[in-house]
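To start, the structure under review is shown below, and the notes come after it.
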Amino acid sequence: MASIHDTMLMPEIRHTELFIGGRWTPASNGKTFPTINPATEEVLAEVAEGTEEDIDSAVRAARDAFEDGPWPRMDARDRGRLMHRLCDLMEEESEELAMLETLDNGKPIRDSRTLDVPGAIETLRYYAGYADKIHGQTIPVRGNRLTYTRREPVGVVGQIIPWNFPLLMLAWKWGPALAAGCTLVLKPAEQTPLTALHMADLAQRAGFPDGVINVVPGDGPTTGAALVRHPGVDKIAFTGEYKTAQIIMREAAPTLKRMTFELGGKSPNIIFSDADLDAAVPAAHHGLYFNQGQCCTAGSRLFVQDRVYDAVVERLAEHNRSYKVGDPLDPQTQQGPQVDKAQFDKVMHYIDLGKEEGAQCVTGGNRVGQCGYFVEPTLFAEVTDRMAIAKDEIFGPVLSVLRFSDLDEIARRANNTFYGLAAAVWTRDIRKAHYLANKLRAGTVWINCYHVYDPAAPFGGFKMSGIGRELGEEGLAHYTETKTVTVDLG
Ligand code: ADP
């Protein structure tokens with residue numbers, strides 16, 4: 001029987017080297033690492049692994065481009081135009097980008113095509129429009145003086161991104177940095193370097209000056225850490241685990257770098273008995289199982305009010321029974337494999353813990369097949385706040401459903417976590433919705449919806465879920481320094 005792959009045009013992996021100062025180069029010590037297709041466990045490519053020396057070269061290239069190159073000095077409108085040109089090329093090669101993303105990450109091709117690639121383009125275009133709209137203020141001060149502020153680029157930025165949305169996270173990082181006139185060194189996650197390398201190629205073809213964009217793949221403790229420590233880097237923008245952020249904060253302390261962190265979550269999704277269940281249940285399902293459960297905003301603590309608890313669990317189970325898990329290149333597939341063996345093992349460990357701790361495993365709980373890191377969509381009912389599956393970020397297709405009875409109880413329980421990334425409330429009662437929207441300690445609160453993002457809407461975490469915001473005007477502000485200029489008019 002013909003496989004789906006026979007009818008698909010596989011993308012050529014054109015770039016596996018480091019992109020530094022406008023040139024493709026092997027690692028200084030010649031080392032490479034394999035990037036693996038998580039659906040087949042096959043090696044897709046050997047990719048150059050950036051050393052400390054390579055990071056130094058990349059930072060120098062970015063520093064030269066910042067201090068002496070045309071980029072920060074160019075007409076801001078031309079910077080915007082180049083960013084739009086990059087987006088035009090992304091549109092032309094959107095299928096190639098989508099395929100590379102799916103091969104490297106395992107996410108269903110329909111998601112890569114409809115969410116990751118268009119979302120990355122939309123974000124870059126949003127910030128392209130900002131390039132010529134970054135302005136300061138004139139400020140009335142004491143005396144006969146003129147005081148005004150300029151918003152200048154923060155400088156050379158080190159950007160470290162995770163593997164769950166490789167292209168989208170790149171766009172969230174590149175968009176504001178480029179619009180502000182910064183130069184950058186990006187370190188993609190070791191599991192998913194391919195789309196970032198392709199983007200470096202597109203940026204070069206779009207006409208970005210050498211050194212503005214540098215891409216150095218490699219692992220966290222070597223390549224990432226070298227970037228964090230480098231005195232030539234002014235700011236680190238990081239998305240990943242809070243434990244990594246703690247290391248980065250320590251490592252960046254001697255050079256007092258500016259830092260923005262977008263970290264994990266254990267987001268409460270709260271369904272009241274008066275909610276429209278026809279909307280709430282599919283959204284709660286998508287809120288957790290989308291992207292194989294590998295979202296920092298995953299609605300992994302689903303609180304359901306007593307009266308509708310059993311009905312919601314049953315409807316979620318039905319969704320899981322018909323959920324299509326399998327080959328991510330099949331356009332019908334809804335859930336692909338976990339990104340790698342380590343994540344797969346972690347998810348299976350938590351499933352075992354859930355069972356041991358006495359939660360009721362309603363669906364799933366097992367591996368799918370013997371090849372690839374596929375996990376059944378797993379649903380645990382009768383989960384209590386103290387269980388590990390209700391406390392820890394699992395980052396997999398494992399949904400915990402908890403019971404609650406009243407409003408004050410749920411506000412307290414929903415906030416009882418050191419995370420604070422997102423939360424959602426489902427109710428037809430506008431007072432309850434707003435009461436909780438105010439009360440919940442989270443950077444994003446959705447009312448009667450889930451997983452809604454927009455390049456214009458700030459995104460980030462309270463508590464241990466992050467520092468600073470990405471997207472929107474606030475996201476841009478983190479890539480600028482304010483300079484106050486005072487002129488004596490006396
Ligand atoms: P995950 O568990 O989702 O892979 P991590 O926080 O480990 O999350 O990884 C996110 C990104 O941070 C990746 O690009 C990874 O290589 C990088 N990273 C990991 N450890 C470090 C470190 N010590 N210093 C800098 N970057 C790191």
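Residue numbers start at 1 and run along the sequence shown. Keep in mind the model is a prediction, meaning the values are calculated, not measured. Indexing begins at 1, ligand by ligand and atom by atom, following the structure's order.
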Original post:
Given the side-chain rings of H319 and Y289, with only the six-membered ring counted for Trp, is the space between their centroids under 6.0 Å?
Top reply: no
**OP:** Look at atom 25 (C) of ligand 1 and find which of G224, A226, A245 reaches it with the closest heavy atom.
**Re:** G224
Original post:
Near I160, which atoms of ligand 1 are under 4.0 Å from a heavy atom of that residue?
Top reply: 11 (C), 12 (O), 14 (O), 17 (C), 25 (C), 26 (N)
Subject >> N or O contact, D219 vs ligand 1, cut-off under 3.5 Å >> reply: no
**OP:** Select the closest option to atom 14 (O) of ligand 1 among I236, I161, V228, judged by heavy-atom distance.
**Re:** I161
**OP:** Please check if any side-chain donor atom of W426 sits under 3.5 Å from a side-chain acceptor atom of N269, or the reverse.
**Re:** yes
Original post:
Side-chain donor-acceptor pair under 3.5 Å between K463 and T417, yes or no?
Top reply: no
Original post:
Counting each atom of ligand 1 from 1 as listed, which ones have a heavy atom of K187 under 4.0 Å away?
Top reply: 14 (O), 15 (C), 16 (O)
**OP:** Among all protein heavy atoms, pick the one closest to atom 23 (N) of ligand 1 and tell me residue, atom and distance.
**Re:** I247 CG2, 3.8 Å
**OP:** Around atom 18 (N) of ligand 1, find the nearest protein heavy atom and jot down its residue, atom name and distance.
**Re:** G220 CA, 3.3 Å
Original post:
Any non-hydrogen atom of T239 lying under 4.0 Å from ligand 1?
Top reply: yes
Original post:
Looking at atom 15 (C) of ligand 1, what's its closest protein heavy atom, distance included?
Top reply: E190 OE1, 3.5 Å
Original post:
Does ligand 1 have an atom under 4.0 Å from some heavy atom of W163?
Top reply: yes
Original post:
How about W174 and Y479: are their ring centroids closer than 6.0 Å?
Top reply: no
Subject >> Polar side-chain atom of N37 near backbone of A39 as donor-acceptor pair, under 3.5 Å >> reply: yes
Original post:
Is there a donor-acceptor contact under 3.5 Å linking the side chains of D454 and Y126?
Top reply: no
Original post:
Which ligand 1 atoms does A189 reach within 4.0 Å, using its non-hydrogen atoms?
Top reply: 14 (O)
